[in-house]
Amino acid sequence: QVQLVESGGGLVQAGGSLRLSCAASGRAFSSGAMGWFRQAPGKEREFVAAISKSGGTTTYADSVKGRFTISRDNAENTVYLQMSSLKPEDTAVYYCAARKMVVARTEPTDYDWWGQGTQVTVSS
């Protein structure tokens with residue numbers, strides 16, 4: 001079993017930056033890829049970024065490419081999402097997810113464990 005706890009969300013002005021963290025516990029953390037998803041009010045959960053088990057492969061949604069960076073520290077059991085040049089449309093609850101397989105994927109159904117989410121609000 002894997003437990004995921006997100007932190008780092010908050011209120012920021014447009015153009016600002018935030019760094020989200022996701023601390024994982026449980027024996028399965030180092031065995032799989034990790035991802036970040038987000039869900040805005042009234043919308044479906046959408047893919048943001050994912051990283052392979054080794055950290056060597058990353059993938060991003062087109063809407064965040066060039067602005068967000070995903071990384072992981074397997075020694076610390078933590079995955080990060082550095083968000084820059086934030087826009088009001090980035091406002092959402094951000095969720096960390098983990099999967100058993102090592103390859104990074106973009107569909108929510110590919111992930112086996114989820115955190116509770118952290119709110120990110122970007123004001124204009």
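Basis for what follows: all heavy atoms, side chains included, without hydrogens, waters or symmetry-related copies.
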Does anything in [range] pair up under disulfide (SG to SG under 2.5 Å), and if so which pairs, sequence neighbours excluded?
| range | answer |
| --- | --- |
| residues 50-79 | none |
| residues 53-124 | Cys22-Cys96 |
| residues 43-72 | none |

Without swapping roles, check the side chain of [X] against the backbone of [Y] for a donor-acceptor pair under 3.5 Å.
| X | Y | result |
| --- | --- | --- |
| Glu6 | Tyr95 | no |
| Thr91 | Val122 | yes |
| Asp73 | Glu76 | yes |
| Arg72 | Ser52 | yes |

Distance check, rounded to the nearest 0.5 Å: [X] atom [atom1] versus [Y] atom [atom2]?
| X | Y | atom1 | atom2 | result |
| --- | --- | --- | --- | --- |
| Phe68 | Thr58 | CZ | OG1 | 14.0 Å |
| Thr69 | Arg19 | OG1 | CZ | 10.5 Å |
| Asn77 | Ser25 | CG | OG | 8.0 Å |
| Gln3 | Gln116 | CD | CD | 10.0 Å |

### Task
Would you indicate whether the side-chain heavy atoms of Ser17 and Met83 approach each other to under 4.5 Å?
no
### Message
Do Leu18 and Leu86 have side chains that approach each other closer than 4.5 Å (heavy atoms only, starting at C-beta)?
### Response
yes
What heavy-atom pair brings [X] and [Y] nearest, and what distance separates the two atoms?
| X | Y | answer |
| --- | --- | --- |
| Ser124 | Ala14 | CA-CB, 4.4 Å |
| Ile70 | Met34 | CD1-O, 4.2 Å |
| Trp36 | Leu20 | CH2-CB, 3.7 Å |
| Ser123 | Leu11 | CB-CD1, 4.3 Å |

Partners of [X] by side-chain hydrogen bond (donor to acceptor under 3.5 Å, both in side chains), sequence neighbours excluded?
| X | answer |
| --- | --- |
| Tyr94 | Arg38 |
| Arg67 | Asp90 |
| Lys43 | none |
| Thr121 | Gln119 |

ILVMFWY network linking [X] to [Y], side-chain heavy atoms under 4.5 angstrom:
| X | Y | answer |
| --- | --- | --- |
| Trp114 | Val93 | yes |
| Leu81 | Phe37 | no |
| Val12 | Val64 | yes |

### Task
Could you tell me which residues satisfy ring-ring contact (aromatic ring centres under 6.0 Å, His included) with Tyr60, sequence neighbours excluded, listed by chain and number?
none
Output all residues satisfying side chain to side chain contact (heavy atoms under 4.5 Å, CB included) with [X], sequence neighbours left out; order by chain, then residue number.
| X | value |
| --- | --- |
| Ala50 | Phe47, Thr59, Ala104, Tyr111 |
| Glu89 | Lys87 |
| Glu107 | Thr109, Asp110 |

### Message
Through direct or indirect side-chain contacts below 4.5 angstrom among Ile, Leu, Val, Met, Phe, Trp and Tyr, which residues connect to Tyr80?
### Response
none
